[in-house]
Enquirer: 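I'd like to ask you about the structure that follows.
Atoms considered below: every heavy atom in the structure, side chains included; atoms not considered: hydrogens, waters and symmetry mates. A note on names: the letters A, B, ... follow the listed sequences, proteins ahead of strands, and every chain is numbered from 1. These figures come from a predicted structure and were not determined experimentally.
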Amino acid sequence: MDRTITYADALLEATDLEMTRDPAVFVFGIGVPDFKGLYGTTRGLLQKYGPDRVFDTPLSEDGLTGMAIGAALAGMRPIHVHIRMDFVILALNQIVNVAAKSRYMYGGTVKVPLVIRMIIGRSWGQGAQHSQAIHSFFMHCPGLKVVAPSTPHDAKGCLIESIRDDNPVMFVEHRLLHYQKGPVPDGVYTVPFGKARVLTQGTDITVVGISYMAVECLRAQRSLQEVGIGAEVIDPISLSPLDMDTIAESVKKTGRMLVVDTAWTACGASAEIAARVVERLGGSHKLQVQRMGYAPVNCPTTKNLENLFYPNGQTIASTAYSMVHDNKKTWSPTYVEAPEIVQFKGPF
Amino acid sequence: MEKLEARFYRSLYRIRRVEEEVARVYPTDKIKSPVHLSIGQEAVSVGVCEALQKEDVVFGTYRGHAFYLAKGGDLRRMAAELYGKATGCTKGKGGSMHLVDVSVGVMGASAVVATTIPQAVGYAFAMKVRKENRVVVSFFGDGAIEEGAFHESANFAALRQIPVIFICENNLYAVHTPIRDRQPPVPIYRRLEGYGIPAERIENNNVDKLYERVKAAADEMRRTHSGPRFFECMTYRWKEHVGPNEDFQAGYRGRNEAEPWFENDPVRRMGEKLEAGVRKEIERKVDSEIREAFDFAEQSPFPSDEQLYTDLLAGA
């Protein structure tokens with residue numbers, strides 16, 4: 001019998017289970033053992049596992065990422081957590097030049113079983129340096145795996161899979177997803193990489209939603225249903241490896257694909273998915289492909305502009321509607337601000 | 001038990017002769033990759049690595065032939081790696097700048113300055129929490145002191161009392177830029193006081209002193225699980241930054257600056273401490289090993305096309 005728990009609790013549970021199972025697993029990062037425990041995702045672990053396995057760090061993202069790689073080379077399984085994904089930019093040298101390349105450069109004689117958890121910090125005026133999602137940087141580099149689960153079920157299973165993987169895994173979490181509740185099995189299970197999840201069936205349009213945008217795409221799908229449009233919503237879960245079989249099968253059926261990312265579209269995950277669909281199906285199928293993501297500017301803090309910066313259920317539904325009508329008709333459902341955004345209060 | 005001098009000389013002479021052989025082969029274009037020779041700097045790797053045990057671990061820099069050999073890396077597989085052959089220590093995927101031999105604790109090197117320093121700290125952190133009696137050495141140059149990664153690593157190692165030995169090979173240059181144009185005129189080792197890390201300078205390519213001091217530090221770390229140590233090792237690069245030649249004619253440094261280092265050549269001086277017969281026998285064996293290793297590299301096959309795609313991901 002599945003319980004209903006939050007995404008944040010699912011992450012804590014996954015970490016706890018794996019730390020109990022494997023003494024090589026340790027978790028660290030700025031704020032990991034403090035009283036807030038990174039939104040509760042690491043709360044209580046210090047008391048249970050002690051300061052060798054659960055610890056805070058100096059403000060040294062670059063050095064501590066390299067430290068984690070060294071520990072992984074020595075056979076440990078580090079989980080490095082960043083309260084905002086934006087800080088990971090300070091660690092790009094270690095991630096791109098070392099984590100991604102060590103196994104190949106060393107002729108297969110080493111492995112780097114490292115998990116880097118990174119939180120996208122949308123909402124409540126987070127501003128330009130606390131809101132960006134840079135998962136496509138990492139999708140660009142061979143040697144890294146990139147996952148961005150959207151449900152509590154997949155968050156738990158994916159984190160366990162990430163910890164057990166012998167490669168560096170970039171684990172992307174959206175701040176707004178931490179509140180989402182859903183059915184999560186007790187005990188240990190894994191969600192395999194490279195397998196997308198079809199969230200709803202539909203024959204009119206394929207809507208691919210990345211990370212938190214999967215939630216907004218489901219809202220759009222429900223609105224579209226009311227005007228007689230069946231949207232097949234797909235959550236890729238795993239961005240690298242990417243399950244193009246499931247996505248391409250769906251697009252073959254619907255002939256239309258809208259990819260919605262919680263990031264910019266230029267050179268992004270949505271560009272990659274669109275390109276791969278066209279490479280596979282272009283010429284042999286009638287195709288309509290569009291992308292949505294952040295507005296091509298930096299994220300403002302003021303509420304009315306911030307709302308325009310992000311795609312939402314309304315703008316996604318409206319775009320999908322026009323695509324289904326060959327861009328000859330427009331329609332828009334009433335804008336209802338997502339409850340997790342309404343409920344979001346500071347200071348974080 | 002073999003005398004220390006003989007051990008030191010074998011290691012010093014072997015590194016010198018291997019690199020002279022690299023320099024000799026280089027113009028034939030059989031080594032199609034940048035090489036950064038350690039000629040002139042061998043004493044640091046030898047003094048440090050002779051003080052370590054096989055199960056200890058070293059991380060280093062792209063100027064890595066010396067510590068790879070001094071720590072016990074396989075010469076045949078090193079030569080093959082330089083030739084880009086499938087029999088190389090990383091199957092032709094790492095090259096001169098990334099020599100690895102996990103079986104003897106050579107954990108590799110980065111082409112990007114200071115990059116392996118935090119990995120050495122992390123490896124040592126793992127040893128500390130597993131209560132292993134091993135130590136980790138991090139080799140880097142004076143240029144690495146200017147990178148944030150060095151300071152982040154030193155701070156963390158001091159904070160958590162991690163058993164890592166930092167070895168700064170101060171050869172006075174980063175590429176072609178002298179240290180006076182890059183750093184304030186305070187000796188590097190003195191800056192470590194700020195982190196509470198015991199630090200000292202070893203002058204003049206002194207292999208005996210370095211051996212003695214590093215051995216004492218490593219033994220103490222093994223016994224007491226004490227925290228990091230730092231050694232600033234003064235040394236000098238005889239050849240150009242990258243490539244097999246001298247570059248005194250380029251004008252950024254004068255031959256007069258190098259003369260005292262030539263005169264104080266630790267390879268020759270160590271050889272002079274040995275009886276002629278003992279020395280000749282060491283040289284004969286090393287020369288024959290080098291001939292054999294370079295023949296092995298010459299005759300080994302290149303990797304097959306399929307090997308472009310192997311070794312990317314574990315479990316794939």
Side-chain angles (χ1 to χ4, degrees), chain A residues 23-24 26 28 50-53 55-78 80 90-91 93-94 96-114 141-145 164-168 193-194 240-241, chain B residues 57 59 81 86 88-95 97-98 100-103 107-112 114-130 132 134 136 138 147-157 159-160 162 164 303 307 309-316:
Chain A
F26 67 98
F28 70 100
D52 275 351
R53 297 184 64 195
F55 55 90
D56 222 315
T57 76
L59 310 181
S60 307
E61 288 82 358
D62 181 25
L64 270 293
T65 303
M67 189 285 292
I69 294 168
L73 290 170
M76 308 282 282
R77 294 188 170 274
H80 192 183
L90 290 164
N93 175 45
Q94 291 295 333
V96 175
N97 276 331
V98 189
K101 294 179 174 43
S102 289
R103 185 171 178 80
Y104 193 81
M105 275 168 52
Y106 292 10
T109 56
V110 297
K111 55 189 187 186
V112 184
L114 163 69
C141 301
L144 299 176
K145 295 187 180 181
R164 295 184 180 185
D165 198 289
D166 280 337
N167 300 287
F193 297 160
S240 185
Chain B
V57 167
F59 287 82
E81 187 61 34
C89 59
T90 62
K91 307 176 196 167
K93 291 175 176 173
M97 291 196 283
H98 311 291
V100 175
D101 189 341
V102 175
S103 70
M107 291 305 298
S110 175
V112 179
T115 290
T116 62
I117 301 171
Q119 281 128 55
V121 171
Y123 205 103
F125 169 80
M127 289 177 177
K128 184 182 167 78
V129 299
R130 292 192 302 225
E132 297 174 18
R134 297 197 281 164
V136 180
S138 173
E147 296 279 0
F150 167 73
H151 296 276
E152 296 189 2
S153 301
N155 182 55
F156 187 71
L159 178 73
R160 303 285 297 214
I162 292 170
V164 59
Q307 285 180 276
Y309 294 101
T310 58
D311 304 317
L312 180 64
L313 292 168

Enquirer: Within the 4.5 Å heavy-atom criterion, are B:K93 and A:M105 side-chain neighbours or not?
Expert: no

Enquirer: What part of B:A149 gets closer than 4.5 Å to chain A, counting heavy atoms only: side chain, backbone, both or neither?
Expert: both

Enquirer: Taking the side chain as every heavy atom from C-beta outward, state whether A:M76 and B:V129 have any pair of such atoms under 4.5 Å apart.
Expert: yes

Enquirer: Can A:N97 and B:T115 be counted as having a side-chain donor-acceptor contact under 3.5 angstrom?
Expert: no

Enquirer: Does A:R77 pair with A:D166 as a salt bridge, N-O distance under 4.0 Å?
Expert: yes

Enquirer: Heavy-atom distances under 4.5 Å only: say whether A:K145 touches chain B with side chain, backbone, both or neither.
Expert: side chain

Enquirer: Taking side chain as everything from C-beta outward and backbone as N, CA, C, O, which of these in A:D62 sits under 4.5 Å from a heavy atom of chain B? Side chain, backbone, both or neither.
Expert: both

Enquirer: Between A:P58 and A:L64, is any pair of side-chain heavy atoms under 4.5 Å apart?
Expert: yes

Enquirer: Do B:V57 and B:R134 have side chains that get closer than 4.5 Å, going by heavy atoms?
Expert: yes

Enquirer: Which bit of B:F59 is near chain A, if near means a heavy-atom gap under 4.5 Å: side chain, backbone, both or neither?
Expert: side chain

Enquirer: What part of B:T310 gets within 4.5 angstrom of chain A, counting heavy atoms only: side chain, backbone, both, or neither?
Expert: backbone

Enquirer: Could you tell me which portion of B:A109 (side chain, backbone, both or neither) has an atom closer than 4.5 angstrom to a non-hydrogen atom of chain A?
Expert: backbone

Enquirer: So A:F26 and B:F125, would you call those rings parallel, tilted or perpendicular, with 30° and 60° as cut-offs?
Expert: tilted

Enquirer: Taking every heavy-atom pair that is under 4.5 Å apart, which of B:K91, B:Q307, B:H98, B:R160 has the most such pairs with chain A?
Expert: B:R160

Enquirer: When only pairs under 4.5 Å are counted, which of A:A71, A:A100, A:G108 shares the most heavy-atom pairs with chain B?
Expert: A:A71

Enquirer: Taking side chain as everything from C-beta outward and backbone as N, CA, C, O, which of these in B:M127 sits under 4.5 Å from a heavy atom of chain A? Side chain, backbone, both or neither.
Expert: neither

Enquirer: Against chain A, label B:L159 side chain, backbone, both or neither, depending on which of its atoms sit under 4.5 Å from a heavy atom there.
Expert: side chain

Enquirer: Should B:E147 and B:V112 count as side-chain neighbours, where that means a heavy-atom distance under 4.5 Å?
Expert: no

Enquirer: Checking heavy atoms, do the side chain of B:E81, its backbone, both or neither come under 4.5 Å from chain A?
Expert: neither

Enquirer: Does a side-chain heavy-atom distance below 4.5 Å link A:P78 with A:F28?
Expert: yes

Enquirer: Name the member of A:G143, A:G66, A:G63, A:P142 that forms the most heavy-atom pairs with chain B at distances under 4.5 Å.
Expert: A:G66

Enquirer: Side chains of A:Q94 and A:E61 only: does a donor on one sit below 3.5 Å from an acceptor on the other?
Expert: no

Enquirer: Identify which part of A:V112 has an atom lying under 4.5 Å from any heavy atom of chain B, answering side chain, backbone, both or neither.
Expert: neither

Enquirer: Heavy-atom pairs under 4.5 Å with chain B - which of A:G75, A:A24, A:P51, A:S60 has more of them than the others?
Expert: A:S60

Enquirer: Counting only heavy atoms closer than 4.5 Å, note whether B:V102 contacts chain A via side chain, backbone, both or neither.
Expert: side chain

